[in-house]
Amino acid sequence: MVITARALNRSTLARQLLLDRAPVDVEEALRRVVALQAQQPGSPYVALWNRVAGFDAGRFDGAVEGFRAVRSTLMRLTLHVVHVEDYRAFREGMEPTLRGSRLGDHRFRAAGFTPADADALLPELLAYAARARTGAEMLSRLQEGRGGPVESVVWRMIRQYAPLWHAPTGPPWSYGTAQSFVTANALPEHRDPDAVAAGLAVLVRRYLEGFGPASVADVAQFSMTQRGRVREALAALGDRVERLEGPDGVVLYDVPGAVLPDEDVPAPPRLMAMWDSILLAYADRGRVIPPEYRKSVIRVNGDVLPTLLVDGYVAGVWRPVDGGIEVSAFRPLPAAVWEELAEEAGALGAFLAGRDPLVYRRYDHWWAKGLPPVETKVFPTR
């Protein structure tokens with residue numbers, strides 16, 4: 001079976017609940033989309049607002065407070081929210097990447113620490129975090145265990161490596177600026193190679209369920225995992241994955257029976273969250289981002305701006321402004337599309353008004369530094 005580039009776009013949109021908002025609860029939505037990138041605390045909420053029919057932010061608050069949706073450093077060494085049932089396997093699969101990048105970081109070693117030091121300190125640190133602790137408390141405990149001062153970079157590397165969840169710290173988006181941490185309720189097996197390999201196989205299968213069909217390079221990009229490990233995981237999955245042919249003969253993998261929409265199925269406009277996963281989940285980002293817009297959307301420091309999708313592809317950016325939502329298109333759009341965008345913007349503005357109307361205001365400097373919009377409109381909040 002040969003799949004076109006446009007059909008791959010529609011597959012992503014369907015599996016990420018972006019062709020139609022799904023009438024599912026937030027936990028089921030989280031399972032379906034696999035992971036929501038979450039270094040900006042409001043973004044998982046905006047991401048789910050785009051995907052869930054009648055999205056109730058309070059229900060997501062409840063999932064976070066009950067640790068059914070958990071936030072931790074995982075794929076691509078960044079914060080993600082995942083369903084608690086996925087966490088352990090994902091963390092086991094990510095073990096070599098997290099260990100090598102965090103405990104092997106030159107700053108960690110320059111501060112006088114080795115991976116063995118971290119292994120010796122972690123059991124006591126994790127026991128201490130059996131209930132939620134602030135970052136200051138965790139650093140103090142780390143210093144007690146070390147028997148002297150510890151540079152803040154050491155705590156940063158350890159907290160990103162350790163199986164710690166971010167504990168909710170209050171409104172408007174569950175996680176505030178004051179971070180708090182708690183030990184994961186089911187500690188991953190990090191020293192058992194079989195458990196690590198099995199965890200990666202789960203992660204690869206779940207990725208394909210939410211983002212497939214995809215290439216080895218795509219899976220490696222999503223997880224920041226070596227391609228050789230990805231190939232081993234695919235081999236271990238056996239007949240639980242199938243091979244397909246993509247554009248230019250690229251070998252793609254997928255889970256049997258997964259949805260593959262027709263390439264001509266309509267895709268409604270959407271106003272996507274910052275760092276939305278569909279923009280970062282592939283080595284070939286042309287699946288969703290036209291190449292000529294990539295540098296405008298993914299900035300040099302790694303910030304990924306809130307985008308608008310038109311016909312399934314990035315066509316501009318948006319931001320909250322006083323009194324409404326500003327939408328900037330990178331190319332001329334038909335009047336009918338602007339009408340749909342106005343409807344989306346009004347609804348999004350109303351949703352944000354109850355939480356944080358200017359959720360992305362701190363990133364306005366990117367607009368000041370220049371973007372290539374052809375047309376900009378401000379739609380008032382409902």
Side-chain angles (χ1 to χ4, degrees), residues 35 37-40 70-82 87-88 90-129 133-167 175 177-184 187-193 195-197 199-200 203 219-230 275 280-281 283 298-304:
Q37 197 153 331
Q39 63 265 53
Q40 210 293 334
V70 297
R71 184 191 196 212
S72 189
T73 301
L74 288 167
M75 288 71 71
R76 295 189 303 283
L77 310 177
T78 58
L79 288 170
H80 283 80
V81 170
V82 301
Y87 172 78
R88 180 171 177 172
F90 286 6
R91 177 59 185 79
E92 288 170 342
M94 288 300 302
E95 167 65 21
T97 298
L98 288 167
R99 187 176 183 87
S101 65
R102 303 299 82 179
L103 303 189
D105 188 283
H106 69 92
R107 293 165 295 178
F108 188 75
R109 293 181 179 275
F113 274 74
T114 67
D117 293 330
D119 290 338
L121 290 164
L122 270 176
E124 164 58 23
L125 203 62
L126 295 176
Y128 180 65
R133 306 285 187 175
T134 67
E137 288 174 325
M138 293 291 282
L139 176 57
S140 177
R141 193 65 169 215
L142 180 60
Q143 291 173 333
E144 290 177 17
R146 182 67 166 178
V150 171
E151 293 184 30
S152 60
V153 68
V154 172
W155 160 234
R156 185 164 74 250
M157 296 301 166
I158 286 179
R159 79 167 185 251
Q160 292 174 356
Y161 169 70
L164 292 169
W165 296 339
H166 287 231
Y175 303 105
T177 55
Q179 294 183 333
S180 185
F181 305 89
V182 66
T183 300
L187 295 180
E189 292 287 345
H190 68 282
R191 297 191 180 188
D192 181 348
V196 170
L200 183 60
L203 174 56
V219 182
Q221 167 64 31
F222 173 76
S223 59
M224 198 177 284
T225 298
Q226 293 176 342
R227 294 186 185 187
R229 293 189 64 228
V230 172
W275 289 284
L280 298 168
I298 302 176
R299 308 303 293 189
V300 292
N301 73 334
D303 283 350
V304 181

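The first residue of the sequence shown is numbered 1, and numbering continues consecutively from there. Predicted model, so just to flag it, every value in this text is computed and none were measured. Every heavy atom of this structure was used, including side-chain atoms; hydrogens, water molecules and symmetry mates were not.
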Check [X] against [Y] and note the closest heavy-atom contact, atom names and distance.
X	Y	result
Tyr87	Pro163	OH-CA, 3.3 Å
Gln160	Leu98	O-CD2, 4.0 Å
Ser72	Trp165	CB-CD1, 4.1 Å
Met94	Ser223	CE-O, 3.0 Å
Arg76	Phe222	NH1-O, 2.8 Å

If you draw the axis of the six-membered ring of Tyr128, does the NZ or CZ of Arg133 fall within 45° of it and under 6.0 Å from the ring centre?
yes
Compute both the distance and the angle, then confirm whether Arg91 meets the cation-pi test with Tyr161: under 6.0 Å from the six-membered ring centre, within 45 degrees of the axis.
yes
Assess whether side chain to side chain contact (heavy atoms under 4.5 Å, CB included) is satisfied between Arg191 and Asp119, documenting all intermediate values.
CA-CA 11 Å; Arg191 297 191 180 188; Asp119 290 338; 3.5 Å; yes
When you look at Ile158 and Arg102, which way does the side chain to side chain contact (heavy atoms under 4.5 Å, CB included) test go after all the steps?
CA-CA 7 Å; Ile158 286 179; Arg102 303 299 82 179; over 6 Å; no
Rounded to the nearest 0.5 Å, how far does [atom2] of [Y] lie from [atom1] of [X]?
X	Y	atom1	atom2	answer
Glu151	Gln143	CD	CD	10.5 Å
His190	Leu122	NE2	CG	7.5 Å
Leu280	Met75	CG	CE	12.0 Å
Trp275	Ile298	CH2	CD1	11.5 Å
His80	Leu74	NE2	CG	7.5 Å
Phe113	Leu103	CZ	CG	11.0 Å

Hey, can you tell me if Phe181 and Trp155 have their rings parallel, tilted or perpendicular (30° and 60° cut-offs)?
perpendicular
Side chains of [X] and [Y]: does their closest heavy-atom pair fall under 4.5 Å?
X	Y	value
Val196	Pro96	yes
Asp117	Arg146	yes
Leu164	Thr183	yes
Pro188	Glu95	no
Val153	Met157	yes
Thr97	Leu77	yes

Residues Arg141, Glu137; criterion salt bridge (charged side-chain N to carboxylate O under 4.0 Å, His left out); working and verdict:
CA-CA 6 Å; Arg141 193 65 169 215; Glu137 288 174 325; over 6 Å; no
Stepwise, does the side chain to side chain contact (heavy atoms under 4.5 Å, CB included) test hold for Glu124 with Glu144?
CA-CA 10 Å; Glu124 164 58 23; Glu144 290 177 17; over 6 Å; no
Within 6.0 Å of CZ in Arg227, more than 12 heavy atoms from elsewhere
no
Run the side chain to side chain contact (heavy atoms under 4.5 Å, CB included) test on Glu189 and Arg88 for me, step by step, so that the C-alpha distance in whole Å, both residues' side-chain angles and the decisive distance to 0.1 Å come before the verdict.
CA-CA 8 Å; Glu189 292 287 345; Arg88 180 171 177 172; 3.5 Å; yes
